[in-house]
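Since the structure comes first, as structure tokens, the remarks are kept for the end.
Residues: numbered from 1 along the sequence shown.
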Amino acid sequence: MSETPFPIFVGWDSREDIAYRVCRHSLLRRASVPMRVTPIIQSEMREEGLYTRAPDPLASTEFTYTRFLVPYLMGYRGWALFCDCDFLFLADVAKLFDLADDRYAVMCVHHDHQPRENWKMDGAVQTVYPRKNWSSLVLYNCSHPKNRVLTPELVNRETGAFLHRFQWLDDSEIGAVPEGWNWLEGWSEKPASGHPEVVHYTRGGPWFDAWRHVAYASLWLAEERDLARNAARAA
């Protein structure tokens, strides 16, 4: 792993480009191992013919379904990480990679997330369903034979429930990682000291005016400033 960059796919949404750029920056500057960060951009996948689903009024982001193409994009080889763009990494992601266990097809935080709000982000409807947010951060064992069913044809055809609940797998094939790697702002309990490994601004983050005062907003804003300083030095 120290020689081959670990592949990370981050969901990209045209309304949240700054969230993606800050997420990527937070990953890169804390990682102790090489990484390859790739945005999952729906429009590009449509141009390539990989994504053909009709618009879904219940899809709150442009990567609601495209995230399940990661094993296909990896050629069904090796491990890869997917995360939403509204993540702030505060720990070395290498520690998450170290949890990868070949017994499982996927690994994620097993939340029991039942949000209290009816709306999130910039007016998107907040939906409630079993295993909500399990698919917002996934370690994919792309080599696992069960993940070979995740073809573009299946991802374009199957229901959101089938995909987001990992219904192509047996429960025993869904491994768990600690909650700190997908800490849900507004839902998860704050750590007794310090901060979680990852903050997930699932309701809305500081890049939206209405969400400037969420938990750990100051850390996201500091990361954004560091990103801007780096960009200015490179210009």
Side-chain angles (χ1 to χ4, degrees), residues 4-28 34-89 93 105-106 108 120-125 127 129 133-144 146-168 200-202 204-205 207-208 224 227 231 234-235:
T4 304
F6 193 93
I8 300 176
F9 294 84
V10 180
W12 184 89
D13 192 292
S14 56
R15 298 164 298 174
E16 299 183 273
D17 176 64
I18 185 59
Y20 163 75
R21 289 188 284 121
V22 170
C23 174
R24 181 179 184 276
H25 184 69
S26 71
L27 276 162
L28 291 172
M35 298 182 304
R36 183 180 73 248
V37 181
T38 304
I40 291 185
I41 302 175
Q42 185 190 124
S43 60
E44 293 182 356
M45 292 195 169
R46 286 194 182 277
E47 290 174 4
E48 295 172 14
L50 297 179
Y51 188 71
T52 58
R53 292 183 77 111
D56 183 345
L58 295 180
S60 60
T61 68
E62 296 171 17
F63 50 86
T64 293
Y65 300 109
T66 52
R67 71 188 72 205
F68 299 104
L69 291 169
V70 166
Y72 171 84
L73 296 172
M74 288 290 297
Y76 305 105
R77 295 189 300 271
W79 282 83
L81 175 67
F82 168 84
C83 71
D84 290 4
C85 63
D86 52 357
F87 276 54
L88 177 68
F89 282 79
V93 73
V106 300
C108 63
K120 63 177 182 177
M121 295 191 300
D122 56 344
V125 175
T127 56
Y129 50 86
N133 267 304
W134 285 32
S135 63
S136 57
L137 178 139
V138 183
L139 270 171
Y140 280 104
N141 181 358
C142 302
S143 303
H144 195 285
K146 284 287 192 73
N147 286 331
R148 286 190 169 271
V149 306
L150 292 177
T151 62
E153 292 76 16
L154 181 135
V155 172
N156 284 309
R157 180 184 72 241
E158 275 293 352
T159 64
F162 177 89
L163 294 167
H164 287 281
R165 299 177 196 177
F166 304 123
Q167 288 181 346
W168 71 92
H200 181 187
Y201 300 96
T202 182
W207 54 96
F208 292 124
E224 182 187 32
L227 171 64

Any non-hydrogen side-chain atom of [X] less than 4.5 Å from a side-chain atom of [Y]?
X      : Y      : answer
Phe9   : Met74  : yes
Leu150 : Tyr72  : no
Val106 : Trp134 : no
Phe82  : Ile40  : yes
Tyr20  : Val37  : yes
His164 : Arg67  : yes
Arg24  : Val10  : no
Glu47  : Ile41  : no

Using a 3.5 Å distance criterion without hydrogens, assess whether the side chain of [X] forms a donor-acceptor pair with backbone atoms of [Y].
X      : Y      : value
Arg53  : Val155 : yes
Asp84  : Asp86  : no
Glu62  : Ser14  : yes
Asn156 : Leu50  : yes
Asn147 : Ala105 : yes

If you take all heavy atoms of [X] and [Y], which pair is closest and at what distance?
X      : Y      : value
Gly78  : Ser143 : N-OG, 2.7 Å
Cys83  : Cys23  : SG-SG, 4.0 Å
Ile8   : Met35  : CD1-SD, 3.3 Å
Tyr65  : Gly160 : CE2-CA, 3.6 Å
Trp168 : Leu163 : CZ3-O, 3.3 Å
Phe87  : Ser136 : CZ-O, 3.5 Å

Separation between [atom1] of [X] and [atom2] of [Y], rounded to the nearest 0.5 Å:
X      : Y      : atom1 : atom2 : result
His144 : Cys142 : NE2   : SG    : 11.5 Å
Arg21  : Glu224 : CZ    : CD    : 8.0 Å
Ile18  : Cys85  : CD1   : SG    : 10.5 Å
Phe6   : Leu139 : CZ    : CG    : 5.5 Å
Arg148 : Leu154 : CZ    : CG    : 14.5 Å
Leu69  : Tyr140 : CG    : OH    : 8.5 Å

Aromatic plane relationship, Phe68 with Phe166 - under 30° parallel, 30 to 60° tilted, over 60° perpendicular: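 Geometry flag for Phe68 against Phe166: perpendicular rings.
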Side chain to side chain contact (heavy atoms under 4.5 Å, CB included) evaluation trace for Trp207 with Tyr201: CA-CA 10 Å; Trp207 54 96; Tyr201 300 96; 3.9 Å; yes
